[in-house]
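Both counts, for ligands and for their atoms, begin at 1 and track the order of listing.
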Amino acid sequence: MARDRNGYGWERPAVRAALTAAEGNARDVAALARQICEIPAPTFQEERRAAFVVEQFEAGGLDAVGDAAGNVTARRAGQERGDAVLLAAHTDTVFPIDTDVRVRESAGKLHGPGIGDNSLAVAALVTLPRLLDRAGLRTKRDLILCANTGEEGLGDLRGIKQAVADHRDDLGAVIALEGLNLGRVTHQAVGSRRLRITVEGPGGHSWGAFGNGSAIHVLGAIIGAIANLTVPRDPKTTYNVGMIEGGVSVNTIAPRASLILDLRSIDPAALETLVGQVDAIVRDAAGGEITTKSEVIGDRPAGRLANDAPLLRATIAALREIGLEPTLDASSTDANVPLALGIPAVCIGLTRGGHAHRLDEYIETAPIGRGMQQLILLVAATAGLVERGQ
Ligand SMILES: [Zn+2]
């Protein structure tokens, strides 16, 4: 056997064979991504796409199981128990159910809403075990392959939250897959808290009942106080009042008004500090006949993988092995949930493309082979790859 430069086993002939197979198989992955994209799957309506994934896992000889969150999970047993590697690809899209999701092909590209985010990653997830089978490879640790729900918008990461909770006892690492941004490694999870803040008061005629507390006036004061908050630049921490509503008519003292607020930080403590400041503003605004309340409508936890974490080193090495220089990134992905719990996690991409969350979204097909190679290398480094019979 060739020397093993980094202890990941990448030089083993069977691993090299799997890498060659990944390149040769890229067209099939693209074709599968196309099929997946053409099954509508808005957040909370992922069932049809999930059913397709069940068929795909079963065709590959794996048992697929569902769960309360609508995830589809297949476990590919390794040689040893414990420290399993969870690979997760979200099935949901931001596009409403009646969106035209037909995929169009042009020179080297596939175009379709959700083709990159995240049909390609789901295709990669179901293809990986087949490539390993064909190369006669098994893992040392179990692979848990999860096509999860609820990554986008108000899904609030419900799929990955369920998957991580279900497997928490034996998870060694989580690798979240995204179709776009090959070369990007998300190792910092931007946490967010979304709040609906509601103010209620007695209402009344604007002339006759002048002096009654106005829900809109109080909400305005709350917004002013939020806009005056000082937040750290490092760790980056932000707030945004994204929507407001309320009132009845121009000559009615508003009995009710509300806003939706988005708070974010890469640092869990900074996020909690900001949430506490907002809660104090909302509490202090109540009084007399005015009541205020704050409801959490979204909660994505923050966290980060240390720069010297073995998973991050392996991810960087895998990208360099396929000739790409990694870009480290902070964003909100399925990796948020394990990172917040202290479970090593990254989110990686599989090809180049663009216009995510737009109807003219596209992927380039040529880099898919390298994206799959990256995945095999990363599985070798985290779960271990060994020839069957060894
Ligand atoms: Zn995505």
(Q) For Arg134, is there an ion pair with Asp28 - N to carboxylate O distance below 4.0 angstrom? (A) no

Q: Apply the test side-chain hydrogen bond (donor to acceptor under 3.5 Å, both in side chains) to residues Glu152 and His357: give CA-CA distance (whole Å), side-chain angles for both, the deciding distance (0.1 Å), then the verdict.
A: CA-CA 10 Å; Glu152 302 285 2; His357 295 199; 3.2 Å; yes

(Q) Please tell me whether Ser332 and Arg300 have a donor and an acceptor in their side chains that are separated by less than 3.5 angstrom. (A) yes

Q.
Rounding to 10°, state the angle centred on the Zn ion (ligand 1) that links NE2 in His90 with OE1 in Glu178.
A. 110°

Q: Would you check if the Zn ion (ligand 1) lies under 2.8 Å from any N, O or S atom of Glu152?
A: no

Q) Are any N, O or S atoms from Asp117 nearer to the Zn ion (ligand 1) than 2.8 Å? A) yes

Q) Under 4.5 Å between any side-chain heavy atoms of Leu375 and Leu87, yes or no? A) yes

